[in-house]
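The structure appears below as structure tokens.
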Amino acid sequence: MLPLAGQLLFFLLVIGTGNTLPSLRAPPRGCYVAEEAGDRTFRCSQAGLSAVPTGIPNDTRKLYLDANRLASVPAGAFEHLPVLEELDLSHNILAHLSGAAFQGLAGTLRHLDLSANQLASVPLEAFVGLQIQVNLSANPWSCDCALQEVLRQVRLAPGTGTGIVCGPGARPDLVGQEFLTLAGEEELCGVGRGGVRRSTDVALLVIMGGWLVLVGTYLAYYMWQNRDETRCPLKHAPMRQVRCEDSSTLSTMV
Ligand SMILES: *[C@@H]1O[C@H](CO)[C@@H](O)[C@H](O)[C@H]1NC(C)=O
Ligand SMILES: *[C@@H]1O[C@H](CO)[C@@H](O)[C@H](O)[C@H]1NC(C)=O
């Protein structure tokens with residue numbers, strides 16, 4: 001009887017940790033390890049978590065932390081997961097992302113789901129260097145310059161563009177508008193780096209204006225001089241001399 005119970009316990013432990021030898025660290029409550037399409041997966045969906053759990057196996061490729069109560073992602077929250085490819089943080093109450101939230105994932109992370117949270121803005125630094133596809137739908141975006149910069153940095157998951165809508169924290173005339181339509185029409189980075197861009201434009205205009213004035217002046221001068229030449233053809237081509245008003249000069253010359 002006892003050996004059988006022991007075997008059963010061992011069997012359950014093996015199943016529970018996904019076919020590896022049972023580790024001393026049990027997964028957090030409500031979380032489990034699985035093998036999905038050959039990828040080590042860690043599922044903590046609807047586990048009542050209010051912080052990113054510890055004890056996530058370091059060979060995890062897919063991590064599901066959706067439908068919890070996560071309010072922020074601190075710096076380096078996933079840096080101990082060197083092969084993480086897919087991260088689902090959707091349906092939480094995320095309002096703040098650290099600029100270093102995804103630190104250490106630059107080489108591996110491919111898919112990031114931040115949809116259905118409370119994000120009004122995200123720091124651009126959090127996405128620099130990542131080659132990812134993101135879902136940013138269903139957040140109360142303030143539709144600022146940072147979001148415009150982030151969208152130049154990442155790719156959106158197919159079909160999720162229309163889900164990025166400006167929330168109550170946005171400029172009053174933008175609330176309820178789709179961000180992509182808006183960002184196509186308006187430069188939202190007017191005071192930041194965009195300001196630099198704008199002043200470069202002004203400098204270019206001034207230079208071009210200067211050139212125009214120069215060219216215009218030269219043209220006017222050339223025409224004025226040319227008119228003189230047609231009147232007094234002494235030093236130039238004989239063909240032109242025919243048009244000269246003063247024909248007497250021409251006859252004496254010839
Ligand atoms: C996970 O950690 C173990 C022990 O620290 C290490 O031997 C192993 O190479 C790590 N795995 C990955 C994928 O980094
Ligand atoms: C993006 O997020 C929304 C809201 O959570 C969801 O309905 C949609 O299926 C997601 N799309 C993709 C491609 O992940």
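Just follow the structure's listing: the first ligand is 1, and inside any ligand the first atom is 1.
Relative ring orientation between Phe127 and Phe102 is described as tilted, the plane-to-plane angle lying within the 30° to 60° band.
Within the model, atoms CG of Leu114 and CG of Leu97 stand 6.0 Å from one another, a figure rounded to the nearest 0.5 Å. The line from SG of Cys189 to CZ of Arg152 is 5.5 Å long, rounded to the nearest 0.5 Å.
From the protein, the heavy atom lying nearest to atom 3 (C) of ligand 2 is Asn135 ND2, 3.6 Å. Closest to atom 14 (O) of ligand 1, if we only count protein heavy atoms, is Pro82 CG, 3.3 Å.
Near His91, meaning under 4.0 Å from any of its heavy atoms, are these atoms of ligand 2: 5 (O). Contact atoms of ligand 2 toward Pro158: 13 (C) (distance under 4.0 Å to a heavy atom of the residue). Residue contact check: Thr160 has heavy atoms under 4.0 Å from atoms 1 (C), 11 (N), 12 (C), 13 (C) of ligand 2. Those atoms of ligand 2 that come under 4.0 Å of a heavy atom in Ser115, given as number and element, are 2 (O), 3 (C), 4 (C), 5 (O).
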Go through Leu89 and Val73 one step at a time and tell me if the side-chain contact (heavy atoms from CB on, under 4.5 Å) criterion holds. CA-CA 9 Å; Leu89 292 166; Val73 179; 4.1 Å; yes
Step by step, would you call Arg110 with Glu85 a salt bridge (charged side-chain N to carboxylate O under 4.0 Å, His left out)? CA-CA 5 Å; Arg110 294 287 171 265; Glu85 289 170 8; over 6 Å; no
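Proximity of a side-chain donor or acceptor of Asn117 to a complementary backbone N or O of Asn92 within less than 3.5 Å is detected.
Taking 4.0 Å as the cut-off, Gly163 does not count as a neighbour of ligand 2 on heavy-atom distance.
Counting protein heavy atoms under 4.0 angstrom from atom 9 (O) of ligand 2 gives zero.
A cation-pi arrangement is present between Arg43 and Tyr64, with the terminal nitrogen or guanidinium carbon under 6.0 Å from the aromatic centre and inside a 45° cone about the axis.
Here's the thing with Asn58: one of its N/O atoms is less than 3.5 angstrom from an N/O atom of ligand 1.
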